[in-house]
Amino acid sequence: MLEIKNLHASLEEEGKEILKGVNLTVEAGKVHAIMGPNGSGKSTLSYVLAGREGYEVTEGSATLLGEDVLDMDVEERAAAGMFLAFQYPVEIPGVGNMTFMRTAVNAQRKARGEEEMSSAEFLKVIREKAKEMQIDAEMLKRPVNVGFSGGEKKRNEILQMAMLEPKLCIMDETDSGLDVDAMKLVAQGVNALRSPDRGFLVITHYQRLLDHIQPDVVHIMSDGRIVKTGGPELALEVEKNGYTDILKENA
């Protein structure tokens with residue numbers, strides 16, 4: 001599904017290389033987790049894949065379902081089936097949650113040559129999915145993320161993911177700032193979206209999220225590269241012993 005080969009990327013303004021040859025394959029139906037110390041390049045990888053401004057790809061490739069995503073605009077990447085859940089979801093004052101989501105859903109449907117969703121159909125679907133996510137209907141009437149708690153923002157973003165039905169879900173430290181109950185609700189929403197034709201790339205510092213979102217594969221990232229790959233037990237090793245021994249092995 002997602003195929004990254006020898007990906008190098010730098011900060012445009014500083015010219016500082018952050019990604020130094022990332023190689024990664026995420027298969028459909030699988031959840032891959034990326035862990036690593038601060039400054040290892042985890043979030044930069046998610047930003048480069050999503051097309052965030054300020055980064056320059058200097059070498060390598062990234063394809064989604066065989067299509068080169070690095071040559072696509074941000075909107076094209078989204079229409080191709082890519083979704084990035086932010087570490088800190090932004091507030092959009094003056095834009096209603098329902099309006100925002102329906103606009104996003106229909107923009108993607110139009111880009112794919114599909115018929116737009118009617119107001120009645122959209123309302124039925126979003127209410128069903130919000131109920132599954134334990135999101136109060138009143139939240140849907142409020143401006144996007146305005147006045148939301150950290151947990152509400154993350155659940156709202158998972159609701160967006162559920163409505164857009166992406167092929168690849170990239171989650172950048174979604175557990176950041178969440179208490180245990182909020183994290184469990186977010187994890188439940190993610191697990192409900194797992195399917196044979198959807199892949200997940202979950203970026204996290206901590207094993208605690210992976211207790212609830214069981215990964216198929218765990219990667220350790222350091223200094224702009226993936227230095228070790230294993231099963232769920234690798235995350236447990238990090239939780240117990242930290243990164244020091246793993247990084248020494250690959251020094």
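Excluded from the calculations below are hydrogen atoms, water molecules and symmetry mates; all remaining heavy atoms, backbone and side chain alike, are included. These numbers were taken from a predicted model, which means no experiment stands behind them.
- In plain terms, the two heavy atoms of M171 and V190 that are nearest each other are CE-CG2, 3.5 Å.
- Between the side chain of Q108 and the main chain of V105, no donor-acceptor pair closer than 3.5 Å is present.
- Residues passing the side chain to side chain contact (heavy atoms under 4.5 Å, CB included) test with P143 are V146, sequence neighbours excluded.
- Other residues, nucleotides and ligands place more than 12 heavy atoms under 6.0 Å from the CD atom of E233.
- In E114, the CD atom is crowded: over 12 heavy atoms of neighbouring residues, nucleotides or ligands sit closer than 6.0 Å.
- Judged by distance alone, the side chain of K30 and the main-chain N or O of V217 form no donor-acceptor pair under 3.5 Å.
- In this structure, the side chain of N23 engages the main chain of N6 through a donor-acceptor pair within 3.5 Å.
- Judged as a ring pair (Phe, Tyr, Trp, His ring centres under 6.0 Å), and not counting sequence neighbours, H8 has no contacts.
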Exercise. Report the C-alpha separation of R225 and K20 in whole Å, then their side-chain angles, then the decisive distance to 0.1 Å, and conclude whether the side chain to side chain contact (heavy atoms under 4.5 Å, CB included) test is met.
Key: CA-CA 6 Å; R225 298 181 181 88; K20 303 176 182 180; 3.9 Å; yes
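- Side-chain atoms of R198 never come within 3.5 Å of backbone atoms of G29 as a donor-acceptor pair (strictly under, hydrogens ignored).
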Practice problem: With side chain to side chain contact (heavy atoms under 4.5 Å, CB included) as the test, would you mind laying out the steps for D68 and D71 before giving the verdict? | Solution: CA-CA 6 Å; D68 182 358; D71 280 340; 3.1 Å; yes
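- Between H32 and H219, the ring-plane angle classifies as parallel under the 30° and 60° cut-offs.
- In summary, K141 and E138 engage in a salt bridge, as defined by a charged side-chain N under 4.0 Å from a carboxylate O.
- E237 places no side-chain N or O within donor-acceptor distance of the main-chain N or O of L234, the cut-off being under 3.5 Å.
- E173 and T204 share no side-chain donor-acceptor pair at under 3.5 Å.
- We find that K153 and E91 are joined by a salt bridge, their nearest charged nitrogen and carboxylate oxygen being less than 4.0 Å apart.
- Applying the side chain to side chain contact (heavy atoms under 4.5 Å, CB included) test to R194 and every residue at least two apart in sequence or in another chain returns V31, N191, F200, I213, Q214, D216.
- In this structure a side-chain-to-backbone donor-acceptor pair under 3.5 Å is present from R102 to M117.
- Of the possible donor and acceptor atoms, none in the side chain of K129 sits under 3.5 Å from a partner among the backbone N and O of Q160.
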Practice problem: Quick one: do M98 and L123 satisfy side chain to side chain contact (heavy atoms under 4.5 Å, CB included)? Show the steps, please. | Solution: CA-CA 8 Å; M98 296 271 274; L123 193 59; 3.0 Å; yes
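- Summarising the geometry, atom CG belonging to L11 is positioned 6.5 Å from atom OG1 belonging to T44; distances are rounded to the nearest 0.5 Å.
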